[in-house]
Amino acid sequence: MRFVTWNINSLRLRLALLLQVIDKLNPDVVCLQEIKCPTEAAPVEALVAGGFPHVLVEGMKGYNGVAILSRYPMTRIAGPNWCGRDDARHICARISVGGSDITVDNLYVPAGGDVPDPQANEKFAHKLQFLDEGVRYLSATSSSERRLLAGDLNIAPLETDVWSHRQLLDVVSHTPVEVAALARWQATRGWVDTTRQVLGSTDKLYSWWSYRAKDWDTSDRGRRLDHVWASPALAPAVTGAGILREARGWTGPSDHVPVWTDIAFDAPAPKASRRRTA
DNA sequence: ATGGTCGAATATCGA
């Protein structure tokens, strides 16, 4: 089972690139963030035609918005109203894979604005509150549940998750207060960062490069903002992980690239639904 | 220290 998370930065604009990602990675489940359209405007039929008969969308006009695409049947699970707002940052589904269930949380954490001070910057306060609610959310789960949490968490926790630890200490996404809050969240039930579990912590890994760089590839001033976490019950089943860096170099790219994690399931995947031609 | 570029919606705001 391959899970992909991608901040697509407009689903309608980048539908063709999404199909390219699907072609390249052949995922079973795709979590999208920043789809930037109302729920009813999401191109669901094109996604079904692209091999994902099961689509859940939580959208809104202009900003945010999340969606889950699945080759397997899934049912939506209601989540909390994060920070008392209805701003389409979370969608949850239980996916059934041949008698085995897995719950997937798709999250888009607030970016937090420019000033890393909750007193001076309401957006940063919102981000910190969202992270605290993340702790409360995972506290209500059991450590025996098979669960995955994926999304744009807008925090690069490790020194190797940013191009310069020293230069980003005061930059929202890598400040000690955010990194500590993310660590508390992840540790709540002993969740595991699957990307680092598979690839180790030594190498620099990024999933986002600013649009403002003259040459994103050469300057390579990236950050790893997109994550796939596994519950402690699921973490031993993780068999692979990766980041599709090349997608940043495609024509008309998102500023984020897809991040994927492979999970071993006891039940074999139904062959007929693996390919879009089926 | 500053400005650089995107997307949505159409002047700015959010990232």
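Numbered from 1 within each chain, the chains take letters A, B, ... in sequence-line order.
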Point to revise | Cation-pi, W82(A) ring and R89(A) (6.0 angstrom, 45 degrees) | key: no
Check your understanding: When the P atoms of dT12(B) and dA1(B) are considered, how many whole Å apart are they?
Key -> 28 Å
Exercise for review: Mark up nucleotides 10-15 of chain B, 5' to 3', with B wherever a protein heavy atom is under 4.0 angstrom from a base atom, S wherever such an atom reaches only the sugar-phosphate, and - elsewhere.
Suggested key: ----SB
Practice item. Working to the nearest 0.5 Å, report the span between OG1 of T5(A) and CG of D226(A). Key: 6.0 Å
**Study point:** Euclidean distance, atom CG of residue L17(A) to atom P of dG7(B) [Å, nearest integer]
**Key:** 11 Å
**Study point:** Rounded distance in Å between the P positions of dG14(B) and dA9(B)
**Key:** 14 Å
Practice item. Report which part of the nucleic acid R14(A) touches: base, sugar-phosphate, or nothing (heavy-atom distance under 4.0 Å, all strands). Key: sugar-phosphate
Check your understanding: Is the distance between the ring centroids of W185(A) and W191(A) under 6.0 Å?
Key -> no
Practice item. To the nearest Å, give me how far apart CE (M60(A)) and P (dG7(B)) are. Key: 19 Å
Review point. Separation of L15(A) atom CG from dA8(B) atom P, in whole Å?
Key: 12 Å
Review point. Tell me: CH2 of W216(A) to C1' of dG4(B), nearest whole Å?
Key: 18 Å
Review point. Expressed as a whole number of Å, how far does the P atom of dG7(B) sit from that of dG3(B)?
Key: 22 Å
Point to revise | Student check: side-chain heavy atoms of Y108(A) and P110(A) closer than 4.5 Å | key: no
Check your understanding: Are Y211(A) and W216(A) close enough that their ring centres sit under 6.0 Å apart?
Key -> no
Exercise for review: Would you kindly compare G62(A) and S210(A) by the position of their nearest DNA chain B nucleotide and give the one closer to the 5′ end?
Suggested key: S210(A)
**Study point:** Cation over ring face, R245(A) and Y206(A), 6.0 Å, 45°
**Key:** no
Review point. To the nearest angstrom, how far is D114(A) atom CG from dG4(B) atom P?
Key: 15 Å
